[in-house]
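Report on one structure; see the data block that follows.
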There are 2 protein chains.
Amino acid sequence: MAGIKDVAKHAGVSVGTVSNVINHPDMVSEETRKRVRAVIERLGYVRSESARHLRAGRSRIMALLVLDMGNPFFVDVARGAERAARQAGLGVMVCNSAQSPDEEADYLGLFAEQRVRGVLLTPADASGRNIEAFRRHGIPFVLVDRVAEGTTECSVSVDDVLGGALAVRHLVDAGHRSIAYVSGPAGLHQVRDRRQGALNALAEAGLPPEALRELPTEHLDVAAGRDAGSRILGLAQRPTAVFCANDLLALGVLQTMYAAGVRVPEDMAIVGYDDIEFAAAAVVPLTSVRQPAVTMGAMAAELLLEETESEDHEHRRVVLQPELVVRRSSLPAR
Amino acid sequence: MAGIKDVAKHAGVSVGTVSNVINHPDMVSEETRKRVRAVIERLGYVRSESARHLRAGRSRIMALLVLDMGNPFFVDVARGAERAARQAGLGVMVCNSAQSPDEEADYLGLFAEQRVRGVLLTPADASGRNIEAFRRHGIPFVLVDRVAEGTTECSVSVDDVLGGALAVRHLVDAGHRSIAYVSGPAGLHQVRDRRQGALNALAEAGLPPEALRELPTEHLDVAAGRDAGSRILGLAQRPTAVFCANDLLALGVLQTMYAAGVRVPEDMAIVGYDDIEFAAAAVVPLTSVRQPAVTMGAMAAELLLEETESEDHEHRRVVLQPELVVRRSSLPAR
DNA sequence: GCACCGCACATGGCCGGCATCAAGGATGTG
DNA sequence: CACATCCTTGATGCCGGCCATGTGCGGTGC
């Protein structure tokens, strides 16, 4: 592959001049510039980002580590982050921890080796140990979909307590008094906050916390939802409504209900979370708590850029608002 | 951030020795090794991949450029590629061309600057101009979900002609004589091959090509499917079945039919393509042509590794077989 | 006692860019 | 004509690792 030296040789100039043609074109006379540009074109020369990085001491890559690339919600987050990053001339490396702390640790190590400009992180490790270890490298990061504790770094999140409250308040208003909460892995903050919101909504309505029955699942995908659905069907005193920690779980629950002949929403109301595109296209269009995913990704990237670009950066915690989208899966039986 | 020199200084050895502790541990005495390792740990030293890359002349990153990250099919491809790459100690940079030739060109430029080890590519530019330009850089690439022409590079694909034939043969067997083909962007090879398969199936059954009515859409997503659904409803001599170039389109069509009160499959049969997880969870479980997406991603990564790792690599064109998964959306009316 | 050998570690060059500074040529000015 | 100034270009060093080559030292054999 052609290097800057080859270009210099063919154009009959020094490497410094070639470098200037690329980075400071107005420092070079038009004639020389043209000649060098022609050679660059002819040889197909592309500057080496590694060498630039080494020299400049800062990378032009930003990393995004999400919990689950199979979840369209995170795909939207990635979209937003990518847009913001590329506007600033940075590339984004999107990786998937698949909710595994080990994978997360692996990737964080990879990012440290790459000396990425910064990391947008949806933490998979509730213990915070991975984050703690990563902090030592001095690579800035922004927490996504999770509030930072203290003021050690920036975060962009959605008010999960409010989201949980919106969902359950809606169900309570529709007359439900026994609600299952399919929660996903117990360790995740989002899951805990949404439960808290749900409990708040129950308390508001004067209902006891026992009205909410939590069913944890190992993963946050459709298969886990199907499994949770079966468990709900097996419960003594079957609840009349299900609130799921995300739409994938909700779709799984819905599928199980449908297959078992349990009518939704007449016999079982369902509310999901995230409002992914498929929620509207489900067997029964799914009521869901919408999160501004693209905005979240974009804001996270912007916060990171601000942190690494500007002199005086103060860590911020941005909290966005969720919104309930009511569809047929939770409408009161007529 | 700590560099190898800092480690050397703190451990009282030379940089070469530190390098050897990391890369050739058996060349260093145990005592020195221990001491150096302790310092590495204490300082949180991580070697710089940029510097290694520069020195070694080869990167440890592989790129994957997909047509649409919003499509779970490509998420599966990414999963497979990632697994294979990481097994070989490489990282994967997943990017999304969103079917835009311009974005594709942008990303290919980025990859050239990064001097990635190679690129796994689902081409968005039917003209082949982007590929042509990229080839000059000498970075190896493998075509994914598309057969390579000639023997200039490797490819992994699924037999789209067969897939299209499977879908339409199934519909013809069920008695359909007028079938719409919601095809997506006309430029994509997959789309053209699936149509060819569909036409083959019609010919087999002694039906004229006019029995297939093609409805192109700009994108391959749910929204485009909804739009196509409306167009189908507006057709004079409405077809009795729809074959969609992917499941997202099919879900969109299904949604439109459902909203308009057209019964599926009684009034309109629908067959999708890809068999994404959501296909089974749709309003009416979707018949679909399953592609081995994870395998495809993994094989592509392996081909690329073989090409860059081994001495004598011959370009290969791997073609995998699709499989029809029949669900309710296409079952004959009783 | 001397030559030789191997081990453990040190040293210097190099990868490919970019910035800094110096040098050279053209032009303007007194 | 001498000298200053500006504009353009060239030479050099450095970023952070890794590799090839040195170097010093203790042990061994004759």
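The chains referred to below are lettered A, B, ... by the order of the sequence lines, with proteins before strands, and numbering in each begins at 1. Because only heavy atoms are used, hydrogens play no part in the values below, and waters and symmetry mates are left out as well, while side chains stay in. Keep in mind that this is a model prediction, so the values were computed, not measured.
Side-chain nitrogen and oxygen atoms of B/S48 include none within less than 4.0 Å of the OP1 or OP2 phosphate oxygen of D/dG17.
Counting non-hydrogen atoms under 4.0 angstrom, A/G57 reaches nothing in the nucleic acid. Within 4.0 Å (heavy atoms only), A/R47 reaches sugar-phosphate atoms of the nucleic acid but no base atom. Residue B/V18 is classed as having no contact, given no heavy-atom separation below 4.0 Å to the nucleic acid. Counting non-hydrogen atoms under 4.0 angstrom, B/R58 reaches nothing in the nucleic acid. In this structure, B/N20 reaches neither bases nor backbone, as no heavy-atom distance under 4.0 Å exists between it and the strands shown. Residue-level contact check: A/V28 touches the backbone only, with heavy atoms under 4.0 Å from sugar-phosphate atoms and none from bases.
Rounded to an integer number of Å, the gap from CZ of A/R35 to P of D/dT8 is 14 Å. Taking atom NE2 of A/H53 as the reference point, atom P of D/dG17 lies 10 Å away to the nearest angstrom.
First and last contacts of DNA chain C with chain B, using any nucleotide atom under 4.0 Å from a protein heavy atom and ordered 5' to 3', fall at C/dA8 to C/dG17.
Residue B/T308 comes nearest to B/P140 through the heavy atom pair CG2-CG, 3.6 Å, listed as atom of the first residue, atom of the second, then distance.
Seen from the ring of B/F141, B/R135 does not count as a face-on cation partner, given the 6.0 Å and 45° thresholds. Relative to the six-membered ring of A/Y45, B/R136 misses at least one condition, a distance below 6.0 Å or an angle of at most 45° to the axis.
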